[in-house]
J.: 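I'd like to ask some things about the structure below.
Note that ligands are numbered from 1 as they come in the structure, with each ligand's atoms numbered from 1 the same way. Starting from 1, each residue takes its place in the sequence as its number.
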Amino acid sequence: MLSRQQLDQYRDDGYLVIDGLFSPAEVEVLRVASEDPVVQQQLGERGHANRIVHLLEITAKHPAFKELAMDRRITDLIAPLIGEDIQLQHSKLATKPPKKNAGEFAWHQDFAYFPHTNYDLLAVMVMLDDATPENGCMSVVKGSHKLGVLNHLRDGYFTGMCLEDKYWSDPSKIVPIMPKAGGISIHHCLTLHASPANISGRPRRGVVFQYRADDAYQMADHVWVDTGLQVRGKNREIARCDAGALRLPKRRNWDPEFGNMYFQSGKQAREWNKAPAAAEVLSAES
Ligand SMILES: O=C(O)CCC(=O)C(=O)O
């Protein structure tokens, strides 16, 4: 259960750190799962020895991670923040290499990647190693979840990073997020956050779950294999639309899947739309 003070902190500052949620033995089970040969092979293919890797769909790669995503200690804790009925939006193992000075992740808001019909989404990061400034722990801009969606686009295309650097220029607003192994951080989907390079010479591993209220419907970006996993309560099949006007994260060279705002038309209509409209042809002829 979150205390009144924790609820107020989440509402006012847009983040929380909770230590000691999982025991050292449970953390060890997760570390062993992250050493699984399939997981290690996929991390290797993505170059985790030299750069930050977010290995997505981690709940589908080892049962320990699916159990963790559904653990009542997490889902009951976040219910007062986003509601009783909760789905997973995505999951990942977030690794930073032991190689010094690698693993930086630029300032961004998660919601800008995958806009939904409302803002009841949050990320939980379960630490498998103590998070410290040396190993590139996340930092947040306190209170930035109240700024709305900031610009992450250049020339109309999504860049994956926020372009409004004035928001992290005041050091008094930057808070390092330092849960110990077995602890978690929670941040609102609009909280600006980043993580610097790992200079510790040791790995930094965390499991990230993005959770959403079941009435938050996704308008853009990927639908992963575990997107929509019901982790608490039920799916009421109601889309609550109170996110306002949103610019969607259009990507270059990307064929969007069904279920987002870029895929709202039938195959034939898309073909027809590529040809000049009949009205345009007529006006050109006259
Ligand atoms: O792995 C990290 O340190 C960055 C995580 C992050 O920014 C995210 O998952 O959105």
J.: Between H193 and Y15, is the ring centre distance below 6.0 Å?
T.: no
J.: Which of the numbered atoms in ligand 1 are under 4.0 angstrom from any heavy atom belonging to I52?
T.: 1 (O), 2 (C)
J.: State whether R205 and D129 are salt-bridged, where the test is any N-O pair (Lys NZ or Arg NE/NH1/NH2 against Asp/Glu carboxylate O) under 4.0 Å.
T.: yes
J.: Just checking, any donor-acceptor pair under 3.5 angstrom between side chains of Q5 and Q9?
T.: no
J.: Which option wins on minimum heavy-atom distance to atom 1 (O) of ligand 1: M125, H187, R204, K96?
T.: R204
J.: Answer yes if the ring centres of H108 and Y113 are under 6.0 angstrom apart, and no otherwise.
T.: yes
J.: Establish, yes or no, whether a centroid distance under 6.0 Å links the rings of F105 and H54.
T.: yes
J.: Taking only heavy atoms of S195, which atoms of ligand 1 are found under 4.0 Å from at least one of them?
T.: 2 (C), 3 (O), 4 (C)
J.: Under a 4.0 angstrom heavy-atom cut-off, which atoms of ligand 1 come close to A94?
T.: 1 (O)
J.: Looking only at side-chain N and O atoms, does T132 offer a donor or acceptor that is under 3.5 Å from a partner on D130?
T.: no
J.: How close does the nearest protein non-hydrogen atom get to atom 7 (O) of ligand 1, and which residue and atom is it?
T.: H108 CE1, 3.0 Å
J.: Any atom of ligand 1 sitting under 4.0 Å from a heavy atom of Q210?
T.: no
J.: In ligand 1, which numbered atoms sit nearer than 4.0 Å to a non-hydrogen atom of D110?
T.: 10 (O)
J.: Any idea which atoms of ligand 1 are less than 4.0 Å away from a heavy-atom of K92?
T.: 8 (C), 9 (O)
